[in-house]
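Every number for a ligand or one of its atoms is a count from 1 in the order of the listing. Nothing here was measured: the structure is a model prediction, and the numbers come from that model. The basis for the numbers below is simple: all heavy atoms, side chains too, and nothing from hydrogens, waters or symmetry mates.
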Amino acid sequence: MPKDILRACPPTQRGEQAQGKLSMLYSKLFPKTIKEAPSEEVSTNAKLLLRAGFIDKLMAGSYSLLPLGRLVERKIEQIIREEMDATGAQEMLMPLLHPKSIWNETGRWDSAKDVMYQFAKDDKEYALSFTHEEIVLDLVRKHVQTYRDFPIKVYHFSTKFRNELRAKSGILRGREFLMKDLYSLHTTEEELNKYYWEVKDAYLRVFKRLGLDVVVAEAGGGVFTDSNTHEFQVIAPNGEDTIYYKDEWSYWKNKEVMTEEELNDPAVKTESAIEVGNIFRFGTVYSEKMNVGFTDKNGEKKYPFFGSYGIGLTRMVGVLAEVFNDEKGLIWPESVAPFQVHLITLNKESGIMNQGEIAYKKLSDNGIETLWDDRDISAGEKFNDADLIGIPVRIVVSDRIDSGQVEVKKRAENESKVVSIEEFISNLRS
Ligand code: ATP
Ligand code: MG
């Protein structure tokens, strides 16, 4: 069908084209690792990411993604983009500065006052985006008239601002953070439900590709909706959320949807968890409030069924750091590591540097993203930095092995082996 022409390329192929491959010298990377994280940082994710040079803190809840961190975030973004596109959704970008009037239409200027950054400038009042339901409904109201225009599935990657009271979990809870938010509108409740479960499956594919074990929990809707929602939770000892499970249930639950009886049931087990995604069904409540109508087949005015679906991108970088690490540092999953290979040259005498350059060029020419630690410092320092940064594979060129050979070690394993650079490349690509 003509509508699908834009989707003709397989998602991964599009992804590789869109993303481009990057290799670089560690001596040129901004910034370098630091010895110790600032003492006020308590969370594992922030301590590790700060020390390894992935993030920097401006103030509580407000972090920069430095070049290494941005590389990881972009890979996560690309995985999410591929899975959202595969559901037929279209990417766009909405503004972050909103007029008060749009938030008054749903009553959320008042009901979400605690979380929303609101301010006045030159006699006008504004809010910074904490979510985008109202903005999407305004777009639909302007551009859509009849049932033929549905379904609508649009998403963007952008910043959210939330006045978080407890911002002590590093980049798991920022006052400013990146989110992917998808919105869908349908002419019937059945169609909304059908798409809602499709998005649930797409989310599970995203988390699988990120190497994360995620469980789905039934939850309440907060300032968003009165009906039940579903949260995607990563079980982790430092998680701020508590989730509950009993063998007879098909989902986990969070506290908001538990009865008193269930809370006291000894057969119900609990885990600490980190919420990485959340999906919502609003029915027609918001479209009625904002008068977003359409004419149906019989020429009658109806209101569309509305859903929204979020994944925290910055939080995801933090969750991966929180889950994949050891006493030496980070251990990135291959799908989102900032580089695929960490190349180390030992003993900066000309022969080794030449060999390093040859290896670096061969790797890059074969599309393998390589970070080359070309600095004139001790072997120990280079190995420590490689362990802290956590690129999945380390290869060493030194005068202890024959020219043309490299010593290969996976970050998550202890044993290393010596192979030719060509063999290494063909193994990695297969
Ligand atoms: P939480 O319960 O953790 O405060 P939430 O339920 O308010 O989160 P949603 O509105 O459902 O969050 O947002 C969708 C996703 O955005 C969340 O699943 C989470 O991954 C991410 N997210 C929410 N708040 C933050 C934050 N303060 N910092 C970083 N990521 C966040
Ligand atoms: Mg949520």
Donor-acceptor contact present, side-chain [X] to main-chain [Y], <3.5 Å:
{"X": "T345", "Y": "G356", "result": "no"}
{"X": "S335", "Y": "R209", "result": "yes"}
{"X": "K57", "Y": "E41", "result": "no"}

Donor-acceptor contacts under 3.5 Å from residues 312-319 side chains, at least two apart:
unit_1 : atom_1 : unit_2 : atom_2 : d
T314   : OG1    : L178   : N      : 2.6
R315   : NE     : L172   : O      : 2.6
R315   : NH1    : E275   : O      : 2.7
R315   : NH2    : L172   : O      : 3.0

*With the Mg ion (ligand 2) as the centre, enumerate protein N/O/S atoms below 2.8 Å in chain and residue order.*
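Checking every protein N, O and S atom gives E275 OE2, N278 OD1.
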*For F207, enumerate each residue passing the ring pair (Phe, Tyr, Trp, His ring centres under 6.0 Å) test, keeping only those at least two apart in sequence or located in another chain.*
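Counting only residues at least two positions away or on another chain, F207 forms a ring pair (Phe, Tyr, Trp, His ring centres under 6.0 Å) with F232.
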_From CA spacing to verdict: salt bridge (charged side-chain N to carboxylate O under 4.0 Å, His left out), E262, K246_ = CA-CA 9 Å; E262 287 170 342; K246 193 174 171 177; over 6 Å; no
*Does atom CG of D265 have more than 12 heavy-atom neighbours from other groups under 6.0 Å away?*
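Counting other residues, nucleotides and ligands, CG of D265 exceeds 12 neighbours.
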*Is a salt bridge present between K382 and D385, judged by a nitrogen-to-oxygen distance below 4.0 Å?*
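Here K382 does not pair with D385 in a salt bridge, since their nearest N and O are not under 4.0 Å apart.
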*Looking at F383, is R394 sitting on its ring face, NZ or CZ under 6.0 Å from the six-membered ring centre and within 45 degrees of the normal?*
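Cation-pi check for R394 and F383: passes.
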*asked:* I need the contact residues for ligand 1: any residue with a non-hydrogen atom closer than 4.0 Å to the ligand, ordered by chain then number.
replied: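 Its neighbours under 4.0 Å (heavy atoms only) are R162, E164, L172, R173, G174, F177, M179, F224, E275, V276, G277, N278, F280, G312, R315, given by chain and number.
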